[in-house]
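Below are the structure tokens for one structure; questions will follow.
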Amino acid sequence: MKRQESVLDRIKETPDERESMMTHDTENTAVYKLREARSVTVITGAGVSAESGIPTFRGPDGTWSNAKIEDVATPEGFQRNPQMVWEWYLRRRNEYAGAQPNPAHDVIAAMEQHYPEFLLVTQNIDTLHTRAGNRKVLEIHGNINQARCLRCDTVFENPHFTLPENSITCPKCHAPARPHILWFGEMYDPAQLEQINHFLAATDVVLVVGTSGVVTTPVYFALYAKQHGAYVIEVNPNVSEVSKDAHCHLRQNAGVALPQLWQAVMAEEQ
Ligand code: APR
């Protein structure tokens, strides 16, 4: 897929530059950059929802310690056992429906209101960002509430919280549907990548919140923006694959770090 390759491969070609760009600014600089910014991009992963009670993917209690990726998160796994895969996603859908946005989601929603140019790119499928109020959001790994027709590709809101006998079918053509989730081995939506690429090339500040970067897309996004002059802030209690490319690291839980950071930005503004 041409567009994806052009964005990501260009960055992969510059490993030495990656090393030389390691910097460690203070939180004061981050506050100043956010106060001055006109365009802000937020990139989130599972960690932003951890304080809402949704487990992250990796680590001892992570989702991938209780389920096999090849069984539940690949097209081949779905082909082998669609009923089991649907049941797994519907269980998670029910869990997510019971979770509430936390203060980190609230700050990210407030940022969208504040900045003239804003984009939220989330790997999360839990819909907590939209429930917190974000509208300028690209869910690059899909959405737990949606299904996609296996025949005509129509994406639709799934009305089911438990699996019906005839499985879940397309409202248009009645063919079977699958969860509208980007699984391992599948390509990102090139139109979304193009939009993100365009935005990152002109954004002032990028916040990368709660992602390990083991799935490397956020690392490439952050680095691409940095190469175009953006200031990169990481919010994560642990070192991640993004860390070496961030200017500033807030090593706290997002639900604590983001409200404090945002309060400081707003205080500076008065
Ligand atoms: N606040 C901020 N970050 C946190 C918090 C918190 N309260 N708790 C944990 N984290 C951090 C962890 O330190 C870790 O770096 O969140 C990160 C979660 O990493 P992963 O579990 O790997 O989740 P993520 O990066 O979102 O995974 C990316 O991989 O499995 C696929 O499709 C799935 O979207 C997912 C993708």
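Computed from heavy atoms alone, side chains included, the values below leave out hydrogens, waters and symmetry copies.
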Walk me through whether Glu27 and Leu261 qualify under side chain to side chain contact (heavy atoms under 4.5 Å, CB included). CA-CA 8 Å; Glu27 189 172 336; Leu261 179 68; 4.2 Å; yes
Within residues 44-72 or reaching into it, pairs that qualify as ring-ring contact (aromatic ring centres under 6.0 Å, His included) - sequence neighbours excluded: Phe57-Trp64, Trp64-Trp88
Main-chain N/O of Leu128 paired to Asp126 side chain as donor or acceptor, under 3.5 Å: yes
Test item: side-chain donor near acceptor, Asp204 and Tyr231, under 3.5 Å: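 Asp204 vs Tyr231: no donor-acceptor pair found between side chains.
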Side chain of His249, backbone of Ser243: donor and acceptor closer than 3.5 Å?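 Yes.
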Scan side-chain atoms only and decide if Thr44 and Gln123 contain a donor-acceptor pair under the 3.5 Å cut-off.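 Absent: no donor and acceptor within the cut-off.
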Which atom pair, heavy atoms only, marks the closest approach of Tyr115 to Arg38?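 Residues Tyr115 and Arg38, closest heavy atoms: CB-O, 3.8 Å.
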Are the side chain of Thr122 and the backbone N or O of Asn124 linked by a donor-acceptor pair below 3.5 Å?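 Answer holds: yes.
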Would a distance-only check, ignoring hydrogens and angles, find a side-chain to backbone donor-acceptor pair under 3.5 Å from Thr74 to Gly77? yes
Heavy-atom closest pair, residues Phe118 and Lys136: O-CD, 3.5 Å
Point-to-point distance, once rounded to the nearest 0.5 Å, from CG of Leu182 to CD1 of Ile140: 8.0 Å
Taking atom types as modelled, find out whether Arg93 and Tyr89 have a side-chain donor-acceptor pair closer than 3.5 angstrom. no
For this output row, return yes or no: ring centroids of Trp183 and His141 closer than 6.0 angstrom. no
Salt bridge (Lys or Arg N to Asp or Glu O under 4.0 Å) between Lys68 and Glu76: does it pass, once the steps are laid out? CA-CA 12 Å; Lys68 280 190 181 166; Glu76 295 79 16; over 6 Å; no
Under a plain distance cut-off of 3.5 Å, with no hydrogens placed, do Thr217 and Tyr188 share a side-chain donor-acceptor pair? yes
Does either side chain, that of Gln100 or that of Ser52, offer a donor lying less than 3.5 Å from an acceptor on the other one? no
Does Asn236 reach the main-chain N or O of Ser212 with its side chain, forming a donor-acceptor pair under 3.5 Å? no
Give a yes or no answer on whether the side chain of Arg135 reaches the backbone of Thr130 with a donor-acceptor pair at less than 3.5 Å. yes
Only pairs under 3.5 Å count here: list side-chain donor-acceptor contacts from residues 148-171, not counting sequence neighbours, and write none if there are none.
unit_1	atom_1	unit_2	atom_2	d
Arg148	NH1	His180	ND1	2.9
Arg151	NH1	Cys173	O	3.4
Glu157	OE2	Gln146	NE2	3.0
Asn158	OD1	His160	N	2.9
Asn158	ND2	His160	O	3.3

Shortest non-hydrogen contact between Ala254 and Pro259, atoms and distance: O-CD, 3.5 Å
Would you sort out whether Val239 and Arg251 count as a side chain to side chain contact (heavy atoms under 4.5 Å, CB included), showing the intermediate values? CA-CA 8 Å; Val239 173; Arg251 295 261 171 257; 4.0 Å; yes
Taking Val137's backbone N and O only, do any of them form a donor-acceptor pair with Asn134's side chain (distance below 3.5 Å, no angle check)? no
Using modelled atom types only, decide if a donor and an acceptor are shared between the side chain of His105 and the backbone of Asn102 within a distance under 3.5 Å. yes
Minimum heavy-atom distance between Val215 and Arg58, given as atom pair plus value: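 Where Val215 meets Arg58 most closely, the heavy atoms are CG2-NH2, 3.8 Å.
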Is it true that a side-chain atom of Lys226 and a backbone atom of Val232 form a donor plus acceptor pair closer than 3.5 Å?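 Not confirmed, Lys226 side chain does not pair with Val232 backbone.
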Can you name the nearest heavy-atom pair linking Ile43 to Ala222, along with the distance?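 Heavy atoms only, the tightest pair is CD1-N, 4.4 Å.
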Carefully, step by step, assess Phe221 and Thr41 under the rule side chain to side chain contact (heavy atoms under 4.5 Å, CB included). CA-CA 10 Å; Phe221 287 157; Thr41 309; over 6 Å; no
Is a donor on one side and an acceptor on the other found under 3.5 Å between the side chain of Thr216 and the backbone of Gly213? no
Could you walk me through whether Gln252 and Val235 pass side chain to side chain contact (heavy atoms under 4.5 Å, CB included), step by step? CA-CA 7 Å; Gln252 276 180 307; Val235 182; over 6 Å; no
